[in-house]
Number of protein chains: 2
Amino acid sequence: MVRQRGKVVEAMKPETYLSRVSKTISKFKLVEEGDVIFVALSGGGDSASALFTLKSFVDQKDVDCELKGFHIDLGFPSGKTLDVVKGQTDLVGVELVTVSTKELGVSFPDVVKKTSRPVCSVCGVLKRYVMNKIPREMGANKIATGHHMDDFLVFFFKNVISQNFFWISKFKPKLESSHPKMLCRIRPLFFVGGKETRDFCESMGIPFVERESCPHTSLDCYTDLNRAKWYETLYQIEKKHKNFRCQMARSIVKMNKFFAVEASRVVECPLCGEPTNQETCSFCRLFKGVK
Amino acid sequence: MVRQRGKVVEAMKPETYLSRVSKTISKFKLVEEGDVIFVALSGGGDSASALFTLKSFVDQKDVDCELKGFHIDLGFPSGKTLDVVKGQTDLVGVELVTVSTKELGVSFPDVVKKTSRPVCSVCGVLKRYVMNKIPREMGANKIATGHHMDDFLVFFFKNVISQNFFWISKFKPKLESSHPKMLCRIRPLFFVGGKETRDFCESMGIPFVERESCPHTSLDCYTDLNRAKWYETLYQIEKKHKNFRCQMARSIVKMNKFFAVEASRVVECPLCGEPTNQETCSFCRLFKGVK
């Protein structure tokens, strides 16, 4: 039990955490025989925990599949991240694949300077593009990310408020491929939150870097400040309504089918051939300067 | 401006309140030429404000329609409520129709003793039944209630958590009739909250009784305690996220169409002839002892 501002908040035991994630992997068939799964590792604790729990599941159930760590080097000044990611894959004994944006001929800082889009949004476009293209070209059929329950709840609130209901249809532990070139996306941490994940990493001795290692963002940024406030709000609600986050996450999984009706057609970008639901993909529009 | 626990919470001016409710009435066509609208008055401030704002709209726009107050006397010991309701209708100069459960041959206390259902649920069944049947028989085509923004947000959270998504499809300012015997339900206070409504009543000198005048409920009741906690939570969120309640209410109106797909067929109850989506209506099952 951990006391926070006079209130008692239940801390989750590592075995409970592991068991809850295993149930998610099993129930939603996140891991299947013959899979080649790349786990996107940012250096942070969330993705490290996704790798750790997936590897633990595969070993325990003896599933015949391949797991690899995948890191995108965004060329940030601090060189520490790559070492930490190496430590994360070494800990569980899986291969690490790294790709640097320089190798891809992309200059992240240049694009950030030129565009009016927030830096987090540019980074998101780049990472989603690379995370789908490179693993697929290397034989993967699935990409795993460290998005957890709190992330999806914050996305949910923000999307409900801005009336972007279609996005809610994507909030589930397994997002099937909607195009031959689109990898299936899996989120083993869908039913555990940020606090539990951090505690788990600390209990298991999983190395991770703090989110603040990104030199582009800080809490001075409005987008980040607003997001941080939403994470706080979730825990505030949970203090009053026990199990709120987990109940909401379960509801969102049941609810997302209602919003899937607006799904748009996925086609290949005429410039790069990668899947997109727009005329030209976001990556080409941003990084190749196409308007 | 009102200071609450060191935070500044905007108080809504009566003219802003009235203007927002008028916009709701106008935009969602809550009042139309030729309407006969009964306004369900409990004695509380919410329904009194619904009557006051509707009357103000009708007078200002000179709409050719009929407005009446409608009160169900549940036979509670305190005789004060009827006087207050009379004061509410006198204030705006409309006729008051009252019906007592005794006249209807229904003994509320007896049923509460016999059933295992929570008292609020029994009361809800009774009121919804009477509120639809009697006004319709007296020529009404619409029934107005004092449900406000906070009520719908609390319903929303509770229904999302319990995965009763179908009910969300009913959360809108105007619920059209789904059966010839079912009145159209209108909620003029959909975009104003409980706090604003209370302030408005006080500013305008509208008389009302406290909710606690119901002798059956108190905060010792789990259902009530849980509901009260949700109302507090809404204001807590709003302190961090300005305009949260109003944004959510707007989103819910846009969102409800997604959940309408599960709509069930409305038929006539074989015992009383009133509309129901079950084999025998809830009223007959409870008050006529049909299992």
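In what follows, every chain begins at residue 1, and chains take the letters A, B, ... in the order their sequences are listed.
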Heavy-atom count around B:E279 CD within 6.0 Å, excluding the residue itself: above 12?
no
Once you measure the plane-to-plane angle for A:F157 and B:F157, does it fall in the parallel (<30°), tilted (30-60°) or perpendicular (>60°) bin?
tilted
N/O donor-acceptor pairs under 3.5 Å from side chains in residues 119-128 of chain A, not counting sequence neighbours:
unit_1 : atom_1 : unit_2 : atom_2 : d
A:S121 : OG     : A:R117 : NE     : 2.9
A:S121 : OG     : A:R117 : NH2    : 3.0

Out of B:H241, B:Q236, B:K240, which one pairs with A:T233 under the side-chain hydrogen bond (donor to acceptor under 3.5 Å, both in side chains) rule?
B:H241
Under 30°, 30 to 60°, or over 60°: which ring-plane class applies to B:F258 and A:F165, parallel, tilted or perpendicular?
perpendicular
Considering residues at least two apart in sequence or located in another chain, which fulfil the side chain to side chain contact (heavy atoms under 4.5 Å, CB included) criterion with A:S47?
A:L41, A:S42
Rounding to 0.5 Å, atoms CG (A:N164) and OG (B:S251) come to a distance of 9.5 Å
Between NZ of A:K229 and NZ of B:K239, what distance do you get to the nearest 0.5 Å?
13.5 Å
